[in-house]
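Encoded as structure tokens, the structure appears first; notes follow it.
Starting from 1, each residue takes its place in the sequence as its number.
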Amino acid sequence: MNIKHLFFCMLLIAFSSCSKPGYEKAIAEWVQTDSHGTWTDLKFELLEVLETEDVTVSDSLCYLNNKSAQKAESPRALFKPSFSAYMEAEKSLKATDAMKAMYLHRDSTEVIGKILKCRYAIVQPHSGVQQKKTASFLLSPDMEKCIGKLKPTSK
């Protein structure tokens, strides 16, 4: 192999390592795609990553247990529910039980997702005005796929 080929390979490796992280592309696609699957170029720019957090099997089970407990303690439970409300609650409990069953034989410390809180900027196509936003996104464990944007928690 001559020196030109070696130099070219080194340049190729150097430039390929300078690419954007997979999570930036995943979040950009999520932000720029609406609920109907239509993509709009919003000139997405990731400004900074504020924090990342692992989501484990035990976190998911705690969430599901709290969710079913909140429904049972609801003030509406004090009133006689209609048949349709009863059927909806029954359906919801079955769905929660099915979700719990998915985690039954998995290690409680297994990471099943990542939460990435970041600041980003987008430019609205019609107005040209840049907006800066802070949001948390749920990503796959390898941070290559965005599963969704988390709703802000109210205090």
Side-chain angles (χ1 to χ4, degrees), residues 12-78 81 84-155:
L12 187 63
I13 291 170
F15 285 121
S16 66
S17 66
C18 295
S19 66
K20 295 179 181 179
Y23 60 81
E24 184 172 351
K25 182 178 183 283
I27 293 171
E29 287 176 2
W30 178 268
V31 168
Q32 297 179 108
T33 305
D34 68 10
S35 61
H36 303 293
T38 306
W39 187 83
T40 305
D41 185 9
L42 298 175
K43 298 181 181 23
F44 177 90
E45 179 184 357
L46 184 69
L47 301 175
E48 71 179 304
V49 174
L50 301 172
E51 64 183 81
T52 59
E53 179 182 343
D54 290 344
V55 179
T56 63
V57 169
S58 64
D59 295 331
S60 295
L61 286 172
C62 285
Y63 172 76
L64 289 171
N65 288 334
N66 288 340
K67 189 176 175 183
S68 60
Q70 286 173 355
K71 288 182 180 181
E73 295 171 7
S74 169
R76 297 184 83 186
L78 299 175
S84 62
Y86 172 77
M87 292 304 290
E88 188 63 35
E90 186 73 21
K91 182 178 167 185
S92 179
L93 284 173
K94 286 180 182 174
T96 302
D97 288 342
M99 291 288 288
K100 287 180 186 178
M102 285 180 16
Y103 300 118
L104 192 58
H105 299 292
R106 292 172 83 171
D107 180 12
S108 64
T109 61
E110 178 187 350
V111 176
I112 57 173
K114 300 233 183 213
I115 296 174
L116 185 131
K117 184 175 183 180
C118 62
R119 283 182 0 98
Y120 63 93
I122 56 172
V123 177
Q124 294 295 335
H126 300 294
S127 67
V129 176
Q130 184 184 52
Q131 295 177 322
K132 292 182 180 178
K133 299 181 177 192
T134 301
S136 295
F137 296 91
L138 179 61
L139 300 161
S140 61
D142 63 1
M143 296 182 78
E144 295 291 322
K145 182 172 177 7
C146 184
I147 298 166
K149 182 177 172 184
L150 302 179
K151 294 179 183 176
T153 55
S154 58
K155 295 179 181 178

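Atom NZ in Lys145 sits 10.5 Å away from atom CG in Leu138 (nearest 0.5 Å). Annotation: the span from Leu93 atom CG to Glu88 atom CD amounts to 10.5 Å, rounded to 0.5 Å. Distance check, rounded to the nearest 0.5 Å: OG1 of Thr40 to NE2 of His126 gives 7.5 Å. Here CG of Leu61 is found 10.0 Å from CE of Met102. Values are rounded to the nearest 0.5 Å. With values rounded to the nearest 0.5 angstrom, Glu90 atom CD is found 10.0 Å from Ser92 atom OG. Going from atom CG of Leu116 over to atom CE of Met143 covers 4.5 Å, rounded to the nearest 0.5 Å.
In this structure the side chain of Leu42 reaches within 4.5 angstrom of the side chain of Pro125, judged on heavy atoms. Side-chain atoms of Cys146 and Leu139, non-hydrogen and from C-beta on, do get closer than 4.5 Å to each other. The shortest side-chain heavy-atom distance between Tyr23 and Thr52 does not fall under the 4.5 Å cut-off.
Checking Glu48, Glu51, Glu45 one by one against Arg119, the salt bridge (charged side-chain N to carboxylate O under 4.0 Å, His left out) holds for a single residue, Glu48.
Heavy atoms only, all atoms of each residue included: Gly113 and Pro141 are closest at N-CG, 3.9 Å. Residues Glu29 and Trp39 share a closest heavy-atom pair of O-CD1, 4.5 Å. Glu24 and Phe44 get closest at one heavy-atom pair: O-CE2, 4.0 Å. Across all non-hydrogen atoms, the minimal contact from Ser60 to Ile112 is OG-CD1, 3.1 Å. Residues Thr109 and Thr56 share a closest heavy-atom pair of O-CG2, 3.8 Å. The nearest pair of heavy atoms linking Gly148 to Trp30 is CA-CZ2, 3.5 Å.
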For the pair Glu110 and Val57, evaluate side chain to side chain contact (heavy atoms under 4.5 Å, CB included) and give the outcome as yes or no after the intermediate values.
CA-CA 6 Å; Glu110 178 187 350; Val57 169; 3.9 Å; yes
Taking it one step at a time, do Lys43 and Asp41 satisfy side chain to side chain contact (heavy atoms under 4.5 Å, CB included)?
CA-CA 6 Å; Lys43 298 181 181 23; Asp41 185 9; 3.9 Å; yes
Walk me through whether Val55 and Lys114 qualify under side chain to side chain contact (heavy atoms under 4.5 Å, CB included).
CA-CA 5 Å; Val55 179; Lys114 300 233 183 213; over 6 Å; no
